[in-house]
Amino acid sequence: MKHLMFLSAVFVLSTTIACGQADKSKRPSPPASVKETITSGATISIDYSQPSVKGRKVGEDVAKNGKVWRTGANEATTFVTDKDVTVEGKPVPAGSYTLWSIPGETETTVIINKQTGQWGTQYKETEDLIRVPVKTGKTPQFTEKMTIAIAKDGKVSVWWGDKAFDFQVK
């Protein structure tokens, strides 16, 4: 009987933990998504998790300059297009990809990677579809939670802390 009660308690506890983890909105870096049908007619969707600065220095303590970054938190950030597009002039066929970057003080490398479904630290350079350099700038105002926006003209903007970079999708 004691064995059965113990197993029941373990089951209830593990179910409670699993359900709590399934609610991603309760994470310190909650999920976010942005979707836009751009002027070319392609619909772009980006799903990511929003890390907070929490007093750290972006480029030094987090999203370190010169190191591959998952461009978000938790699972790898997804980049999905329903039509063939170009990113900064390089072709990206319709499909689902992951979005990575290599931040820098004056230049950020945007990476579209063919591997999907992985945790955000499981990056394989051999799966890169494209890499494009873009200018690193400053945000108009401090942005505590990393934010991605897509404009109708296809400009994708990434803001976090006082850092920003944009890339063009057509």
Side-chain angles (χ1 to χ4, degrees), residues 23-54 56 58-59 62-65 67-120 123-125 127-170:
D23 186 359
K24 295 178 182 180
S25 68
K26 304 236 187 292
R27 289 179 172 176
S29 299
S33 63
V34 61
K35 183 177 186 176
E36 182 66 63
T37 300
I38 60 176
T39 51
S40 69
T43 300
I44 308 300
S45 303
I46 300 174
D47 291 321
Y48 63 106
S49 291
Q50 290 185 289
S52 296
V53 175
K54 296 180 187 174
R56 301 172 294 184
V58 176
V62 291
K64 294 180 179 183
N65 290 335
K67 304 276 185 194
V68 173
W69 175 49
R70 60 184 141 186
T71 316
N74 303 323
E75 296 86 2
T77 296
T78 62
F79 177 93
V80 179
T81 176
D82 68 344
K83 294 187 172 139
D84 294 354
V85 295
T86 61
V87 173
E88 290 293 316
K90 292 196 174 186
V92 175
S96 183
Y97 304 93
T98 50
L99 175 65
W100 303 80
S101 53
I102 303 173
E105 200 58 43
T106 60
E107 182 178 274
T108 295
T109 301
V110 174
I111 303 166
I112 303 293
N113 186 279
K114 297 177 281 187
Q115 183 184 14
T116 60
Q118 75 274 32
W119 189 253
Y123 168 75
K124 292 183 182 173
E125 184 176 352
E127 294 293 315
D128 287 355
L129 178 67
I130 64 164
R131 285 180 169 224
V132 292
V134 296
K135 185 179 180 232
T136 302
K138 298 281 185 196
T139 57
Q141 71 273 344
F142 186 83
T143 307
E144 177 65 26
K145 284 193 176 292
M146 192 197 87
T147 302
I148 299 177
I150 306 171
K152 192 77 173 157
D153 69 357
K155 181 171 99 173
V156 177
S157 300
V158 180
W159 292 7
W160 196 26
D162 63 349
K163 306 280 186 197
F165 65 89
D166 304 316
F167 60 94
Q168 190 66 48
V169 180
K170 291 186 178 183

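All of these numbers come straight from a predicted model, not from anything done at the bench.
- Two residues are said to be in side-chain contact when any heavy atoms from C-beta on lie closer than 4.5 Å; Thr116 and Thr78 fail this criterion.
- Checked against side-chain contact (heavy atoms from CB on, under 4.5 Å), Lys124 has the following partners two or more places apart in sequence or in another chain: Gln115, Thr126, Glu127.
- Using a 3.5 Å distance cut-off with no hydrogens or angles, the side chains of Thr39 and Asp153 do not pair a donor with an acceptor.
- Residues Ile112 and Leu99 are in side-chain contact: their nearest non-hydrogen atoms beyond the backbone lie under 4.5 Å apart.
- Glu105 meets the side-chain contact (heavy atoms from CB on, under 4.5 Å) test with Asn65, Lys163; sequence neighbours excluded.
- With contacts defined as side-chain heavy-atom distances shorter than 4.5 Å, the pair Asp162/Thr139 qualifies.
- In terms of heavy atoms, Arg56 sits closest to Trp160 at NH2-CZ2, 4.3 Å.
- When all heavy atoms of Pro103 and Ala63 are compared, the closest pair comes out as CG-O, 3.6 Å.
- In this model, a donor atom of one side chain and an acceptor atom of the other lie less than 3.5 Å apart for Thr71 and Ser101.
- Within a 6.0 Å radius of NZ in Lys114, more than 12 heavy atoms belonging to other residues, nucleotides or ligands are found.
- Of the candidates Thr37, Thr43, Val34, Val169, Val34 is the only one forming a side chain to side chain contact (heavy atoms under 4.5 Å, CB included) with Ile150.
- The ring pair (Phe, Tyr, Trp, His ring centres under 6.0 Å) search around Phe167 returns none, not counting sequence neighbours.
- Pairing each heavy atom of Tyr123 with each of Arg131, the nearest pair is OH-NH2, 2.9 Å.
- Among all heavy-atom pairs drawn from Ile148 and Tyr48, the shortest one is N-OH, 3.0 Å.
- Counting heavy atoms from C-beta on, the side chains of Glu88 and Val134 come closer than 4.5 Å.
- Taking each heavy atom of Ala42 and Thr81 in turn, the nearest pair found is CB-OG1, 4.0 Å.
- For Thr143, there are no side chain to side chain donor-acceptor pair (under 3.5 Å) partners two or more places apart in sequence or in a different chain.
- Taking Ala76 as the reference, Thr98, Trp100, Gln118 meet the side-chain contact (heavy atoms from CB on, under 4.5 Å) condition, with sequence neighbours excluded.
- Considering only residues two or more places apart in sequence or on other chains, Asp47 meets the side chain to side chain donor-acceptor pair (under 3.5 Å) condition with none of them.
- Across all non-hydrogen atoms, the minimal contact from Lys145 to Ser52 is NZ-OG, 3.3 Å.
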